[in-house]
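Attaching a single structure in structure tokens format; questions to follow.
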Amino acid sequence: MRGFLASSIGVTCAAALALPLTPPASAATTSAARPPASRVVSPTAQGTARSEAHVPGSTQSLPLVPLGPDRAPGAEPGVPRRDVQRFSLVGVVWDDPATELHGQVQVRTRAAATGAWSAWQELETHNADHAADPDTPESASGRVRGATAPLWVGESDGVEVRVRARSAPDSARTAPDAHGPAGHTDFALPTGMRLELVDPGEGAPPAAAPAPGDGPRTTALTGRSTEAVTASAADAHLAPLGAARIPAERQRAKPYVGPRPSITTRRGWSADEKLRDKKFVYTKKVKAAFVHHSATGNNYRCSQAPSVIRGIYRYHVKSMGWRDLGYNFLVDKCGKIYEGRAGGVSKAVLGAHTYGFNSNSMGIAVLGTYSSKKPSSAAVKAIARLTAWKLGLHGMNPRGKTYLTSGGGNLHPKGKNVRLNVISGHRDGFVTSCPGKKLYGQLGTARSTAAKYQGR
């Protein structure tokens, strides 16, 4: 299904494109009359519930239709300006994950608090570079869809979308920061394109974990689902069951293993554990860390980071069809570290972050877009602290090199033994601009700082 990847070019997961386009006449500042209710996907029954009421922790799915006065087939597709139920994160998906989107997807949204419409913003068409490896049960589940990167827009209640086809690429490989070389043949847009509007739900502060000696270590998970208990139990050797945070260590427990940083657990960011697949999947060890950015934009406050993560989680699972959140860890711009895919922060959990190189690696996503914006020093330090500990548990030197076998992709053919930095950027394993030029440029600092934390 993904045979196209060997010749795919210009795929980007992180660059926010900034192509000036003149807003169409329909982009007036007044709101259109409310249309019939869109499909609202409930937290537990995707595609079966319809509701006029706002449903926290849900997804509205709107089909893209031809735009223009005559709505003629072949016209530029999109979603005309309309009122919708509240959402905070937006993305576009389509039926076949093997189909590349050669086009610009632009969205503008209306802030629920003020009624003001945003400027046009472009969704990054990162396509297949964030994905489970080929020939794995996750990639072959039949649920996986093609998708843009999601964009965090804050609480909104109006939306407008337009998609414009772009010229086809004409070579098999591009420079990492390219959006694709100029061509002269337009590609058809993917079929089944639809807009996904995600409400991340409310993240009620989790109950405090019991102090040692205060009774059963399961108190904080009383009444919680089996999935929530299982997810927390994977870290039970590091923190009490139901803990919102895994505490930091002040010093190295072993030679060349950095002190463990404080990590907010899935319980801490209020993950709905019933969304994901129940089973955990592991690989043999963690030989490398791939650094990403989420390409969700930088317009979030650090206090909103749990909501952003819940939005990405729901988008990855319900909209894109993955078994769980794709990244193993996430870092916000204030340097706070969050547990990603379930299975235990100290364990070799198989993710879906770097197509072809998910085995024996971990994926760390910094929330934001760092193509032209420099990441905060706090975020870079957090990457260093996390990798010094996690890579140290597996005997890896953050300043060293390692070999990973490619599972396939558009940069390294399947089966090739590839020499990589132990701390690499996404673009080192796939033709993409992820993790953005500015974040990629800070990886040297992260490597040297991580080595110091390990005592090297």
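Numbers for residues simply follow the sequence, beginning at 1. The shown structure was predicted, so the numbers you read here are calculated from the model rather than taken from an experiment.
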Note, Ile312 side chain near Trp152 side chain (heavy atom, < 4.5 Å):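 No. Closest side-chain heavy atoms not under 4.5 Å.
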Separation between CG of Asp332 and CD of Gln304, rounded to the nearest 0.5 Å: 11.0 Å
Test item: Tyr355 side-chain N/O and Ala352 main-chain N/O as donor-acceptor pair under 3.5 Å: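 Absent.
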Whether Phe357 and Phe290 hold their rings parallel, tilted or perpendicular, with breakpoints at 30° and 60°: tilted
Within-4.5 Å side-chain heavy-atom neighbours: Val418 and Leu404: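 Contact flag for Val418/Leu404 side chains = no.
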Under 3.5 Å: donor-acceptor pair, side chain of Trp94, backbone of Thr99: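 Indeed, once roles are kept as given, a pair shorter than 3.5 Å links the two residues.
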Flag, side chain of Ser294 to backbone of Gly368, donor-acceptor distance under 3.5 Å: yes
Within 6.0 angstrom of Lys373 NZ, more than 12 heavy atoms from elsewhere: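 For Lys373, atom NZ is not crowded (no more than 12 foreign heavy atoms under 6.0 Å).
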Atom pair NZ/OG of Lys401 and Ser424 - distance to nearest 0.5 Å: 7.5 Å
Under 3.5 Å: donor-acceptor pair, side chain of Arg194, backbone of Leu64: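 No, the answer is negative, given that no donor and acceptor are paired below the 3.5 Å cut-off.
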Non-hydrogen side-chain atoms of Pro80 and Leu67 separated by less than 4.5 Å: yes
Closest contact, heavy atoms only, Gly158 versus Trp117: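 Closest approach of Gly158 to Trp117, heavy atoms only: C-CH2, 3.6 Å.
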Which atom of Asn328 lies closest to which atom of Ser361, heavy atoms considered: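 It is OD1-O, 4.3 Å.
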Charged tip of Arg162 within 45° of Trp120 ring normal and under 6.0 Å: yes
Note: Glu227-Lys274 ion pair, threshold 4.0 Å (strictly below):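 Here Glu227 does not pair with Lys274 in a salt bridge, since their nearest N and O are not under 4.0 Å apart.
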Sub-4.5 Å side-chain heavy-atom contact between Thr230 and Lys278: no
Closest approach of Pro63 to Val79 (non-hydrogen atoms, all atoms of both residues): O-CG2, 4.0 Å
Closest approach of Gly321 to Ser141 (non-hydrogen atoms, all atoms of both residues):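 Smallest heavy-atom distance, with atoms named: O-OG, 4.2 Å.
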Phe280 vs Val349, side-chain contact (heavy atoms from CB on, under 4.5 Å): CA-CA, chis, key distance, verdict: CA-CA 7 Å; Phe280 305 142; Val349 178; 5.9 Å; no
Nearest-0.5 Å distance, CZ of residue Arg145 to CE of residue Met320: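 Arg145 CZ to Met320 CE: 10.0 Å, rounded to 0.5 Å.
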Nearest heavy atoms of Lys390 and Val345, plus distance in Å: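 Heavy-atom minimum between the residues: NZ-O, 2.8 Å.
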Side-chain donor/acceptor of Thr283 to backbone N/O of Ser359, under 3.5 Å: no
Exceeds 12 heavy-atom contacts within 6.0 angstrom, atom CZ of Arg143: yes
Heavy-atom side-chain contact between Tyr338 and Phe329 under 4.5 Å: no
Asn298 atom CG, neighbour heavy-atom count above 12 within 6.0 Å: yes
Test applied, ring pair (Phe, Tyr, Trp, His ring centres under 6.0 Å); reference residue, His353; option that passes from His426, His292, His316: His292
Sidechain N-carboxylate O distance under 4.0 Å for Arg310, Asp272: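 Here Arg310 does not pair with Asp272 in a salt bridge, since their nearest N and O are not under 4.0 Å apart.
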Lys NZ or Arg CZ of Arg427 over Tyr440 ring: under 6.0 Å, within 45°: yes
Backbone of Ile423 reached by a side-chain donor or acceptor of Arg447 within 3.5 Å: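 Present.
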Polar side-chain atom of Asp199 near backbone of Ser58 as donor-acceptor pair, under 3.5 Å: no
Criterion side-chain contact (heavy atoms from CB on, under 4.5 Å) on Val144 and Trp322, from CA distance to verdict: CA-CA 6 Å; Val144 181; Trp322 295 355; 4.0 Å; yes
Flag side-chain contact, heavy atom, 4.5 Å: Arg314 against Leu275: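 They are in contact (side-chain heavy atoms under 4.5 Å apart), so the answer is yes.
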Side chain Tyr300, main chain Lys333, donor-acceptor under 3.5 Å: yes
Under 3.5 Å side-chain donor-acceptor pair for Thr59 and Glu196: no
Spacing of Glu100 atom CD and Leu189 atom CG [to the nearest 0.5 Å]: 12.5 Å
Evaluation steps, side-chain contact (heavy atoms from CB on, under 4.5 Å), between Val107 and Leu151: CA-CA 9 Å; Val107 60; Leu151 179 69; 4.1 Å; yes
Asp277 side chain to Lys279 backbone, donor-acceptor under 3.5 Å: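 The answer is no, because no donor-acceptor pair under 3.5 Å joins these two groups.
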Any donor-acceptor pair under 3.5 Å from Ser232 side chain to Ala228 backbone: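 Pair absent, no side-chain N/O of Ser232 close to backbone of Ala228.
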Reported OG1-to-CG distance for the pair Thr432 and Leu411, which is rounded to 0.5 angstrom: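 Taking OG1 in Thr432 and CG in Leu411, the distance rounds to 10.5 Å.
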Euclidean distance, Ile337 CD1 relative to Ile263 CD1, rounded to 0.5 Å: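 That separation rounds to 6.0 Å.
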Worked verdict on Arg341 versus Arg276 for side-chain contact (heavy atoms from CB on, under 4.5 Å): CA-CA 9 Å; Arg341 180 163 288 205; Arg276 62 171 174 81; over 6 Å; no
Residue list, side-chain hydrogen bond (donor to acceptor under 3.5 Å, both in side chains) with Asp324, at least two apart or on another chain: Arg266
Crowding at NZ, Lys347 (>12 non-hydrogen neighbours, <6.0 Å): yes
Shortest non-hydrogen separation from Pro200 to Gly311 and the atoms involved: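 For Pro200 versus Gly311, the nearest heavy atoms are CB-N, 3.7 Å.
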Within 45° cone of Tyr313 ring axis and under 6.0 Å: Lys318 NZ or CZ: no
Side-chain touch Thr296/Thr369, heavy atoms, less than 4.5 angstrom: no
Sub-4.5 Å side-chain heavy-atom contact between Leu367 and Leu330: yes
